[in-house]
Amino acid sequence: MQRTVFTDEHEAFRKTVRAFVESRVVPVYDQWYEAGIVPREFYRELAELGVFGIEVPEEYGGAGIESFKFQAVLLEETARAGVSFGGSGVHVGLCLPYLKNLATEEQKHRWLPGFVSGEIMFAIAMTEPGTGSDLAGMRTTAQLSEDGTHYVLNGAKTFITGGVHADRVIVCARTAPPSDTDRRHGISLFAVDTTSPGYAVGRKLDKLGLKVSDTAELSFTDVRVPVSDLLGEPHQGFGYLGQNLPQERLSIALGAYAQAKAAIRFALEYTRDRKVFGQPVAQFQNTKFELAACQAEVDAAEAVVDRALDALDSGELTPADAASAKLFCTEVASRVIDRCLQLHGGYGYITEYPVARLYADNRVNRIYGGTSEVMKMIIAKNMGL
């Protein structure tokens, strides 16, 4: 069935991105993979391609397009090629909504032009050691100074994607204790300058997958954060986080769907070329049945993400809708990629084959952005259970 979620403009962008990935990324991706990080200068190339400015208003140097579908195209094309742009997905997909919705005019003029050009890369720091999905349990604090000119930030964060290259990090911290009736009260957001004294990047974490994504531990020791770097109102941060979670979870669902679709592509190419017992693996009935079953699941996931994309662009995507899309698509991707790896035989376990990297990269989709178990809780609550 023909997809209707994308316009001719989106498809023109897809051609541009595909050509860019094939010429600029695929030839050097093995080097990035071995290094475990995308070169910082590559983000300038993405900026020149226009990737960072699509959804940024024109007065700050962007294109002013109010649609997530261009980012969806980007996610699909990187998955198709079995590559990644590292932490840049967080820069646009997670951080930009906070800047657009919460930043003052002064802050937007100060940060967004550099955001578009790739000179100021953003990351977001929510998760802490020992808290996981329980964001209300965070212990990082930001205390207002006696003269009211700055906050003093202390604490630690972990699993911060883009944390190595980031120039500014949106840090979630407690500015007031939780109330008796609401333990989520008292969290604030700050766009912290990573060159500030007391700000430190710890280990670049060695992950099972997403090898080129710079994921780091961060620590803050008496970091002085100017009050002018507070995002939104003090103590209201948890509510702000909740507003942006549907888009984040949809992006994970979309990435998982795209990875599953790519796995089928890789399996088709491999089984057509690989011969066993005198004939291509693709000619065996088991192979045909396995790929057919995978295709049916991916078709269903595509319908889910397309419907959710339209809902997001129209402002109608609810937290439960996003949770449902994430749960379904990540579970589908897990099954499909596993079956496609199996069709590669022993070579599917070798990381020079894209399906092996997909297998490792995909596993985190059921964890970050809220685990599958948390997604089930959200869906069940929406059902009145």
Side-chain angles (χ1 to χ4, degrees), residues 6 10-52 54 69-93 118 121 161-162 164-165 204 207-215 251-252 254-274 282 291 294 298 333 336-337 340-341 343-345 347-365:
F6 296 118
H10 296 123
E11 295 305 331
F13 179 66
R14 186 186 301 278
K15 290 180 181 179
T16 299
V17 171
R18 185 172 296 183
F20 176 82
V21 167
E22 291 175 351
S23 64
R24 177 63 188 91
V25 181
V26 171
V28 297
Y29 193 70
D30 285 346
Q31 299 172 30
W32 295 0
Y33 191 84
E34 289 299 319
I37 197 167
V38 171
R40 178 64 173 80
E41 57 269 21
F42 176 69
Y43 294 146
R44 298 294 183 93
E45 295 185 46
L46 286 179
E48 291 174 4
L49 192 67
V51 167
F52 297 156
I54 293 172
K69 291 179 181 179
F70 287 93
Q71 293 304 318
V73 169
L74 201 66
L75 287 168
E76 291 186 356
E77 288 304 306
T78 50
R80 177 186 179 276
V83 301
S84 165
F85 290 168
S88 65
V90 167
H91 178 69
V92 176
M121 294 299 296
T161 303
V164 175
H165 282 324
K204 182 174 75 67
K207 307 181 298 299
L208 171 68
L210 300 179
K211 290 290 188 178
V212 304
S213 179
D214 53 315
T215 305
S251 69
I252 296 170
L254 182 67
Y257 147 73
Q259 288 174 329
K261 185 176 181 179
I264 293 175
R265 173 177 173 246
F266 297 140
L268 274 169
E269 292 174 353
Y270 179 82
T271 56
R272 284 168 174 164
D273 291 338
R274 173 71 167 162
L291 288 173
C294 288
V298 168
V336 167
I337 295 171
C340 288
L341 185 149
L343 290 174
H344 281 70
Y347 290 105
Y349 206 65
I350 306 301
T351 56
E352 68 183 75
Y353 283 78
V355 74
R357 297 179 183 180
L358 272 184
Y359 184 84
D361 290 350
N362 168 73
R363 185 58 185 88
V364 76
N365 289 330

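What you see is a predicted model, and the numbers here were worked out from it, not measured in a lab.
- Within 6.0 Å of the CZ atom in Arg40, the count of heavy atoms belonging to other residues, nucleotides or ligands exceeds 12.
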CA sep, side-chain torsions, deciding dist, call: Val83, Trp32, side chain to side chain contact (heavy atoms under 4.5 Å, CB included)
CA-CA 10 Å; Val83 301; Trp32 295 0; over 6 Å; no
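- Rounding to the nearest 0.5 angstrom, the gap separating the CZ atom in Phe85 from the OG1 atom in Thr78 is 6.0 Å.
- If you look at Tyr359 and Tyr349, their ring centroids are not closer than 6.0 Å.
- Between Gly348 and Leu341, the shortest heavy-atom distance links the atoms O-CD1, 3.2 Å.
- Within the 4.5 Å cutoff, no side-chain heavy atoms of Tyr270 are placed close to those of Val355.
- You'll find the side chain of Thr16 reaches within 4.5 Å of the side chain of Leu49, heavy atoms only.
- Ionic pairing of Glu22 and Arg18 is not present here: no N-O contact between side-chain nitrogen and carboxylate oxygen is shorter than 4.0 angstrom.
- Of the charged side-chain nitrogens involved, at least one lies within less than 4.0 Å of a carboxylate oxygen, so that Asp30 and Arg357 count as a salt-bridged pair.
- Put simply, the side chain of Arg274 reaches to within 4.5 Å of the side chain of Tyr347, judged on heavy atoms.
- Note: Glu77 CD to Lys15 NZ = 11.5 Å, rounded to the nearest 0.5 Å.
- Of all heavy-atom pairs spanning Ala79 and Ala262, the tightest one is O-CB, 3.1 Å.
- What you find for Arg24 and Pro27 is that their closest heavy atoms are C-CD, 4.1 Å.
- A donor-acceptor pair is defined here as one N or O able to donate and one able to accept, closer than 3.5 Å; no such pair exists between the side chain of His165 and the backbone of Pro39.
- Pairing each heavy atom of Val336 with each of Ala260, the nearest pair is CG1-O, 3.7 Å.
- A donor-acceptor pair is defined here as one N or O able to donate and one able to accept, closer than 3.5 Å; no such pair exists between the side chain of Lys211 and the backbone of Ala35.
- Between Leu210 atom CG and Asp361 atom CG the span is 4.5 Å, to the nearest 0.5 Å.
- Phe6 and His10 have perpendicular rings, their planes meeting at more than 60° on a 0 to 90° scale where under 30° would count as parallel.
- Phe266 CZ to Ile337 CD1: the interatomic distance, rounded to the nearest 0.5 Å, is 10.0 Å.
- More than 12 heavy atoms of other residues, nucleotides or ligands shown are found within 6.0 angstrom of OH on Tyr43.
- For the pair Arg14 and Glu76, the salt-bridge criterion is met [side-chain N within less than 4.0 Å of a carboxylate O].
- With hydrogens and angles ignored, the 3.5 Å screen pairs no side-chain donor or acceptor of His91 with any backbone N or O of Gly87.
- Closest approach of Ala81 and Val21 over heavy atoms only: CB-CG1, 3.6 Å.
- Side-chain atoms of Asp214 come within 3.5 Å of backbone atoms of Val164 as a donor-acceptor pair (strictly under, hydrogens ignored).
- Between Leu75 atom CG and Phe70 atom CZ the span is 14.0 Å, to the nearest 0.5 Å.
- You'll find the side chain of Lys261 stays beyond 4.5 Å of the side chain of Ile264, heavy atoms only.
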Step by step, work out the side chain to side chain contact (heavy atoms under 4.5 Å, CB included) result for Gln71 and Leu74.
CA-CA 5 Å; Gln71 293 304 318; Leu74 201 66; 3.7 Å; yes
Apply side chain to side chain contact (heavy atoms under 4.5 Å, CB included) to the pair Leu291 and Leu343, showing each step before the final yes or no.
CA-CA 9 Å; Leu291 288 173; Leu343 290 174; 3.7 Å; yes
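- Between Glu45 atom CD and Ser88 atom OG the span is 12.0 Å, to the nearest 0.5 Å.
- Residues Gln259 and Leu358 share a closest heavy-atom pair of O-CD1, 3.5 Å.
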